[in-house]
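Below is one structure, written out as structure tokens; comments come after it.
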Amino acid sequence: MNDDDKKDIYDEFKDLVNMSASELKKWLDTDESKSVGQKKDGSESTGHKSGERIIEIKEKKKGDLTDDDYKHMQKVVGYIKRHSAQRPKEVEGSDWEYSLKNWGNDPTKE
């Protein structure tokens with residue numbers, strides 16, 4: 001991954017992940033957050049796990065981000081874009097909203 005790719009990913013991530021690390025921490029502790037997403041064997045959902053990783057990334061300085069961090073940021077950007085395109089009529093309180101929030105995007109902020 002070259003520097004231009006990293007810059008693009010960083011900019012998109014910063015734009016799409018509109019929840020602060022503390023907002024996301026608070027959200028991930030809710031029952032709503034834990035109620036959505038794909039789970040393997042009743043464990044933590046993919047989105048919930050991703051949210052925890054996003055917090056770690058947001059708490060780092062840009063210069064301390066690793067290639068792995070950028071890969072995850074790219075995955076987050078892709079997920080938010082795909083999921084946002086499936087916007088339901090009723091956003092408030094929907095699994096769609098909860099899932100996006102697990103990935104650091106609060107669609108009610110837009």
Could you state the interatomic distance from CG (L24) to CH2 (W103), rounded to the nearest 0.5 Å? 11.5 Å
At what distance, to the nearest 0.5 angstrom, does NZ of K109 lie from CG of N18? 5.0 Å
With no hydrogens and no angle check, do the side chains of S50 and Y79 hold a donor and an acceptor under 3.5 Å apart? no
Could you tell me which non-hydrogen atom of E90 sits nearest to which non-hydrogen atom of S94, and how far apart they are? O-CB, 3.5 Å
Walk me through it: do D11 and K7 pass the test salt bridge (charged side-chain N to carboxylate O under 4.0 Å, His left out)? CA-CA 6 Å; D11 290 345; K7 183 193 179 315; 2.6 Å; yes
Side-chain contact, heavy-atom cut-off 4.5 Å: N105 with M19? no
On a heavy-atom basis, which atom in G93 and which in Y98 lie closest, and how many Å separate them? CA-OH, 3.4 Å
Search all heavy atoms of N102 against all heavy atoms of I54 and return the closest pair with its distance. O-CD1, 4.4 Å
With a 6.0 Å cut-off (strictly less than), is the heavy-atom count around CD of Q38, excluding the residue itself, greater than 12? no
Compare all side-chain heavy atoms of I80 with those of V17 and state whether any distance is below 4.5 angstrom. yes
Does NZ in K60 sit with more than 12 non-hydrogen atoms of other residues, nucleotides or ligands closer than 6.0 Å? yes
Does atom NZ of K75 have more than 12 heavy-atom neighbours from other groups under 6.0 Å away? no
To the nearest 0.5 Å, tell me how far S43 OG sits from H48 NE2. 11.5 Å
Contacts of F13 that satisfy ring-ring contact (aromatic ring centres under 6.0 Å, His included) - sequence neighbours left out: none
OG on S22 to CD1 on I55, rounded to 0.5 Å: 9.0 Å
Taking atom types as modelled, find out whether T66 and D68 have a side-chain donor-acceptor pair closer than 3.5 angstrom. no
With heavy-atom distances below 4.5 Å as the criterion, would you say the side chains of K101 and S33 are in contact? no
S99 (side chain) donor-acceptor with W96 (main chain) under 3.5 angstrom: no
Over 12 non-hydrogen atoms of neighbours within 6.0 angstrom of CG in D31: no
Can you confirm whether R87 sits close enough to V91 that some side-chain heavy atom of one is under 4.5 Å from a side-chain heavy atom of the other? yes
If you define the side chain from C-beta out and look only at heavy atoms, does anything of M1 sit under 4.5 Å from Q74? yes
Using modelled atom types and a 3.5 Å cut-off, is there a donor and acceptor pairing between side-chain atoms of K6 and backbone atoms of D67? no
Any E52 side-chain heavy atom under 4.5 Å of L28 side chain: yes
Could you report the tightest heavy-atom contact between D69 and L65, atom names first, then the distance? OD2-CA, 3.5 Å
Sequence-distant partners of E59, side chain to side chain donor-acceptor pair (under 3.5 Å), two or more places apart: K25
Going through the checks in order, is the side chain to side chain contact (heavy atoms under 4.5 Å, CB included) test met by E92 and T108? CA-CA 8 Å; E92 206 78 30; T108 63; 3.6 Å; yes
Not counting sequence neighbours, which residues clear side chain to side chain donor-acceptor pair (under 3.5 Å) with K58? List them please. none
Are the side chain of Q86 and the backbone N or O of H83 linked by a donor-acceptor pair below 3.5 Å? no
Verdict with supporting geometry, S84 and L100, side chain to side chain contact (heavy atoms under 4.5 Å, CB included): CA-CA 8 Å; S84 294; L100 265 178; 4.0 Å; yes
Are there more than 12 heavy atoms of other residues, nucleotides or ligands under 6.0 Å from atom NZ of K71? no
Below 4.5 Å, heavy atoms only, C-beta onward: do E44 and K34 meet side chain to side chain? no
